[in-house]
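Here the structure is laid out as structure tokens; the discussion comes afterwards.
These numbers come from the heavy atoms of this one structure, side chains and all, not from hydrogens, waters or symmetry mates. Quick note: residue numbers are just sequence positions, from 1.
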Amino acid sequence: MRRTIIVVVAVIAIGITVYLVSTMNLFSDNNNGPPDGVSQATADRYQELEIREYQGVRLDPAIGPRDNSISGIQTVDLDSYQLQLTGLVAKPGSYSYQQVLAKEPAQRLITLYCVEGWQATVLWEGVRITDLLADAGIKDEATTVIFHCVDGYTTSLPVATIKDKDMLLAYSANGVALPASMGFPFIVVAEDKLGYKWARWVNEIELSSDENYKGYWEKRGYPNDATVN
């Protein structure tokens with residue numbers, strides 16, 4: 001009986017030791033694993049200088065979990081790049097990358113929701129799209145903004161929605177320059193719209209009176225409204 005008690009006590013002691021060691025490893029400063037709630041795969045996607053928290057909110061990596069573009073990640077040559085403003089505007093024109101960056105910046109903490117089921121809360125910085133449109137002068141009959149991209153991708157948003165949401169054309173994500181995989185030099189931060197409205201590698205902003213314009217994915221059956229439910 002005494003031997004049985006000793007064995008039971010020894011087993012309990014070993015169990016307590018294992019538990020304590022596991023707990024210490026979990027909270028140890030020397031633990032090399034990712035932060036609580038972040039998988040290693042997610043942690044590996046952060047860029048070196050990327051901000052990971054803003055006003056108490058944990059930021060997601062500015063690089064998505066996979067490339068879902070229509071023609072692969074685009075590489076844009078800034079020496080020849082121009083952002084065109086066309087269509088129903090009083091003064092069609094263009095901007096270099098640096099000319100866009102010289103405009104008054106704005107920041108937004110906004111979550112991108114992808115139809116694939118993932119989401120990313122990112123601190124975006126860029127120029128207000130309305131500032132660009134004001135420079136060009138929107139004609140009265142213009143109701144729709146069509147975004148054209150380097151890879152041939154297009155999508156659209158109502159002028160009224162862009163104004164109501166004060167949407168950005170972003171060039172920075174989490175404090176660093178927009179990664180190529182997220183649309184460098186510019187991505188449309190389409191707040192409260194699904195990811196296919198977040199046009200990447202934008203090189204033309206066209207004003208149109210076609211309220212029913214359908215972009216790349218919309219022509220393939222995706223809803224034109226794309227509102228996040």
Side-chain angles (χ1 to χ4, degrees), residues 42 45 47 50 54 57 59-76 81 83-84 97 100 105-133 144-208 213-229:
T42 297
R45 286 191 283 113
Q47 297 177 90
E50 197 170 342
Y54 178 73
V57 177
L59 302 176
D60 295 303
I63 296 176
R66 76 176 192 88
D67 174 40
N68 59 6
S69 57
I70 63 171
S71 298
I73 296 172
Q74 301 295 297
T75 300
V76 176
Y81 175 84
L83 176 64
Q84 305 286 333
Y97 177 71
V100 176
Q107 281 189 337
R108 300 281 189 277
L109 182 64
I110 295 175
T111 301
L112 184 162
Y113 295 90
C114 182
V115 294
E116 295 177 342
W118 57 269
Q119 63 191 59
T121 299
V122 173
L123 178 63
W124 308 96
E125 182 174 336
V127 60
R128 294 176 177 86
I129 296 175
T130 52
D131 286 352
L132 297 172
L133 300 182
T144 303
V145 179
I146 302 172
F147 298 98
H148 299 262
C149 306
V150 170
D151 59 351
Y153 187 85
T154 65
T155 192
S156 66
L157 289 164
V159 172
T161 299
I162 289 174
K163 289 181 176 180
D164 290 345
K165 294 294 183 179
D166 197 18
M167 288 183 177
L168 301 183
L169 191 67
Y171 46 72
S172 171
N174 293 342
V176 297
L178 193 68
S181 62
M182 286 300 284
F184 178 87
F186 301 117
I187 183 174
V188 176
V189 180
E191 183 179 4
D192 293 336
K193 298 294 181 180
L194 292 169
Y196 57 92
K197 291 293 183 182
W198 293 58
R200 293 178 286 174
W201 309 294
V202 177
N203 64 353
E204 181 183 350
I205 299 175
E206 177 189 358
L207 273 292
S208 171
Y213 177 86
K214 292 184 178 181
Y216 181 89
W217 285 117
E218 293 87 340
K219 289 178 180 177
R220 290 159 174 79
Y222 283 76
N224 209 7
D225 180 72
T227 298
V228 176
N229 295 321

On a heavy-atom basis, the closest approach of Asp67 and Gly72 is OD2-CA, 3.5 Å
Given the options Trp201, Tyr81, Tyr97, Phe184 meets ring pair (Phe, Tyr, Trp, His ring centres under 6.0 Å) only with Tyr97
Does some side-chain heavy atom of Cys149 sit less than 4.5 Å from a side-chain heavy atom of Gln74? no
d(Ser172 OG, Glu50 CD) to nearest 0.5 Å is 9.5 Å
For this session: Start with the C-alpha gap between Leu157 and Val188, add the side-chain angles, then the distance that decides, and say whether side-chain contact (heavy atoms from CB on, under 4.5 Å) holds.
Result: CA-CA 10 Å; Leu157 289 164; Val188 176; 4.3 Å; yes
Distance col, row Thr111:OG1 vs Asp60:CG, nearest 0.5 angstrom, shows 7.5 Å
Identify every side-chain donor-acceptor pair in residues 125-133 under 3.5 Å, counting partners at least two apart or on other chains, and give the distances.
from   : atom 1 : to     : atom 2 : distance (Å)
Glu125 : OE1    : Gln107 : NE2    : 3.4
Arg128 : NE     : Asp166 : OD2    : 3.2

CD1 (Ile162) and OG (Ser156) are apart, to the nearest 0.5 Å, by 9.0 Å
Exercise for review: State, yes or no, whether a side-chain contact exists between Lys165 and Asp192 at a heavy-atom distance under 4.5 Å.
Suggested key: yes
Between Trp198 and Lys193, the two heavy atoms sitting closest are NE1-O, 2.9 Å
Flag the pair Ile110 / Leu123 as yes when at least one side-chain heavy-atom distance between them is below 4.5 Å, and no otherwise. no
Would Leu109 and Trp124 satisfy side-chain contact (heavy atoms from CB on, under 4.5 Å), going step by step from the backbone distance to the final call?
CA-CA 6 Å; Leu109 182 64; Trp124 308 96; over 6 Å; no
Closest heavy-atom pair, Gly152 versus Ile70, reported as atoms and distance to 0.1 Å, is C-CD1, 4.3 Å
Heavy-atom nearest pair, Ser69 first then Asp151, reads CB-OD2, 4.5 Å
**Prompt:** Do Val57 and Thr121 have side chains that get closer than 4.5 Å, going by heavy atoms?
**Reply:** yes
- Does a side-chain heavy-atom distance below 4.5 Å link Ile205 with Gln84? no
With distance as the sole criterion, is a donor-acceptor pair present between the side chains of Asn224 and Lys219 under 3.5 Å?
-> no
_Does the plane of the ring in Phe186 sit parallel, tilted or perpendicular to the ring in Tyr171? Use 30° and 60° as the thresholds._
perpendicular
So CZ of Arg200 and OH of Tyr153: to nearest 0.5 Å the spacing works out to 8.5 Å
Before you tell me yes or no, could you show the steps for Val202 and His148 under side-chain contact (heavy atoms from CB on, under 4.5 Å), namely the whole-Å CA-CA distance, both residues' side-chain angles and the distance that decides it to 0.1 Å? CA-CA 6 Å; Val202 177; His148 299 262; over 6 Å; no
Exercise for the section: Starting from the C-alpha separation in whole Å, work towards a yes-or-no answer on side-chain contact (heavy atoms from CB on, under 4.5 Å) for Leu83 and Leu169. Expected result: CA-CA 11 Å; Leu83 176 64; Leu169 191 67; 3.8 Å; yes
| message | Any heavy-atom pair between the side chains of Val159 and Thr144 that's under 4.5 Å? | response | no
Q: Taking atom types as modelled, find out whether Tyr213 and Thr154 have a side-chain donor-acceptor pair closer than 3.5 angstrom.
A: yes
Within 45° of the ring axis of Tyr222 and under 6.0 Å from its six-membered ring centre, is that where the NZ or CZ of Arg220 lies?
-> no
> Can you check whether Tyr196 reaches Pro223 side chain to side chain, under 4.5 Å on heavy atoms?
Replying inline: yes
- prompt: Is the shortest heavy-atom distance from the side chain of Cys114 to the side chain of Asn68 under 4.5 Å?
  reply: yes
Nearest heavy-atom contact between Ile187 and Met182 is CD1-O, 3.3 Å
Taking every heavy atom of Lys197 against every heavy atom of Ala226, the minimum-distance pair comes out as CG-CB, 3.6 Å
*Side-chain donor-acceptor contact under 3.5 Å, Glu218 with Thr155*: yes
